[in-house]
S.K.: 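Just dropping this structure here.
Start at 1 and go down the list; that is how both ligands and their atoms are numbered.
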Amino acid sequence: MSTPLDVGTTRGRVFVVGAINVDLVVAAERLPGPGETVVGTRVERYGGGKGANAAVAAARAGAEVHLVGAVGADANGTEALDELTAEGIWVDGVTVLEDEATGVALIVVDPGAENQIAVGAGANAALSAEHVTRALASHLRPSDSVLVSTEIPDAAVEAAVIAAASAGARCVLNPAPPIPGVADLLGYGPILTPNAGECLELAKMLDDDHTHAREAAAAIMARTGAPVVVTLGGDGALVLTPDGNVDHVRPRPAVARDTTGAGDTFNGVLITRLAAGDELDDAVRAANVAAALSVAHVGARAGMPRATDIEVGSR
Ligand code: ATP
């Protein structure tokens, strides 16, 4: 059974390593074809990037969050850091790179909510393994938890997983997208949180081809010796643990208006609850509730719930 989130002082800190972007969204009558210009009406700007989004979800769920990543020395970077600081997130671990632009996602959305996205990774692509190691190695304690996602260079992901393992800290790796280097990191025993497609892709990278996410997750778990949590969109999540147990955490009823950032909410709340001392199945249930709450709102961060909303939604 789920317990209320412990907002006391005994829980560990959460370190999130991942991308920080600015999302520029244009609403248009239709998506442009090659070489075509389509004039839209509404223009919106949202904070984005898997790392930054998950950090916001974790902070709202009650964690002390330290974000590790990179932005450029530009107005987008300043704005991104201001927004994150306003959420109560520590951004000392975010390096500001003089010669890089802050990552930008250019998104066109049509009236049917179909979209077209081009991402300029900018500073995220220049996040170095040395920076990640510096930001984590001398700071991490065994009671801390590290969430890593893969929209940053392979070497930076690897540095984060190794730093967590060296410190004896818990590590959750969200392989979105699965990177070629992930296979080499499985021996460090991270908890993996792929969605169903990423799960199949990851198993394929391990030369273990499967058509069902459950078998693919079992093949991955055989390499990590750690739990695998497969997110299934509106179908909830599958939790596999090394003792052979498989638990389907059922979907929460939700009117999905925008599922952008559902995975980031799930991961941010999962790591928060694990850091607070929850058992994995309780943490997954809370993450499932939080992600279902988040899809009811347009924008990745707009619907990310606070700890009290998650508690109410869990009843
Ligand atoms: P995204 O890339 O859109 O952020 P993802 O592909 O990483 O998401 P999903 O498996 O689509 O991850 O969704 C993550 C979690 O969000 C699910 O496990 C579930 O808890 C919640 N979720 C997603 N879609 C819905 C929905 N339609 N109704 C309720 N919950 C949902």
S.K.: Are the side chain of N174 and the backbone of S149 linked by a donor-acceptor contact shorter than 3.5 Å?
M.R.: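 Not confirmed, N174 side chain does not pair with S149 backbone.
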S.K.: Check whether any side-chain N or O of R214 sits under 3.5 Å from a backbone N or O of V246 as a donor-acceptor pair, and report yes or no.
M.R.: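 No, the answer is negative, given that no donor and acceptor are paired below the 3.5 Å cut-off.
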S.K.: Do ligand 1 and N195 have nitrogen or oxygen atoms that lie under 3.5 Å from each other?
M.R.: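 Among all N and O atoms of N195, at least one is under 3.5 Å from an N or O of ligand 1.
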S.K.: Hey, which atoms in ligand 1 end up nearer than 4.0 Å to a heavy atom of A256?
M.R.: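 Those qualifying, in numeric order: 27 (N).
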S.K.: Using distance alone, decide if ligand 1 has a nitrogen or oxygen within less than 3.5 Å of any nitrogen or oxygen in T231.
M.R.: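 Yes, T231 has an N/O under 3.5 Å of an N/O on ligand 1.
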S.K.: Ignoring hydrogens and geometry, is there a side-chain-to-backbone donor-acceptor pair from E151 to K50 under 3.5 Å?
M.R.: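 Yes, the answer is positive, given that a donor and an acceptor are paired below the 3.5 Å cut-off.
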S.K.: Given A54, C199, G234, which one has a non-hydrogen atom that is nearest to atom 26 (C) of ligand 1?
M.R.: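 Shortest heavy-atom distance from atom 26 (C) of ligand 1: G234.
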S.K.: Is a side-chain donor or acceptor of N267 paired with a backbone partner of G263 at a separation under 3.5 angstrom?
M.R.: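 At least one qualifying donor-acceptor pair exists.
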S.K.: A176 near ligand 1, heavy-atom distance under 4.0 Å?
M.R.: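 Checking ligand 1 against A176, which is what was asked, there is no heavy-atom contact under 4.0 Å.
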S.K.: Identify whether the distance between the nearest side-chain nitrogen and carboxylate oxygen of D247 and R285 falls below 4.0 Å.
M.R.: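 A salt bridge is present here (some side-chain N lies under 4.0 Å from a carboxylate O).
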S.K.: Look at ligand 1 and say whether P251 reaches it with a heavy atom at a distance under 4.0 Å.
M.R.: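 In this structure, P251 fails to qualify as a contact of ligand 1 - no heavy atom is under 4.0 Å.
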S.K.: To which of A196, G263, A292, S149 does the heavy atom nearest atom 4 (O) of ligand 1 belong?
M.R.: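 Selected option, by shortest heavy-atom distance: G263.
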S.K.: In plain terms, say whether E87 and R301 are close enough for a salt bridge, that is, a side-chain N and a carboxylate O under 4.0 Å apart.
M.R.: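 R301 and E87: not salt-bridged.
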S.K.: State whether the shortest distance between N or O atoms of F266 and N or O atoms of ligand 1 falls below 3.5 angstrom.
M.R.: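 Not met; the criterion fails.
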S.K.: Looking only at distance, does R252 have an N or O less than 3.5 Å from an N or O of ligand 1?
M.R.: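 Looking only at distances, the answer is no, because the N/O contact criterion of under 3.5 Å is not met.
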S.K.: Tell me whether V295 has any N or O atom under 3.5 angstrom from an N or O of ligand 1.
M.R.: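 Looking only at distances, the answer is no, because the N/O contact criterion of under 3.5 Å is not met.
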S.K.: Any nitrogen or oxygen of G233, main chain or side chain, under 3.5 Å from a nitrogen or oxygen of ligand 1?
M.R.: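 Among all N and O atoms of G233, at least one is under 3.5 Å from an N or O of ligand 1.
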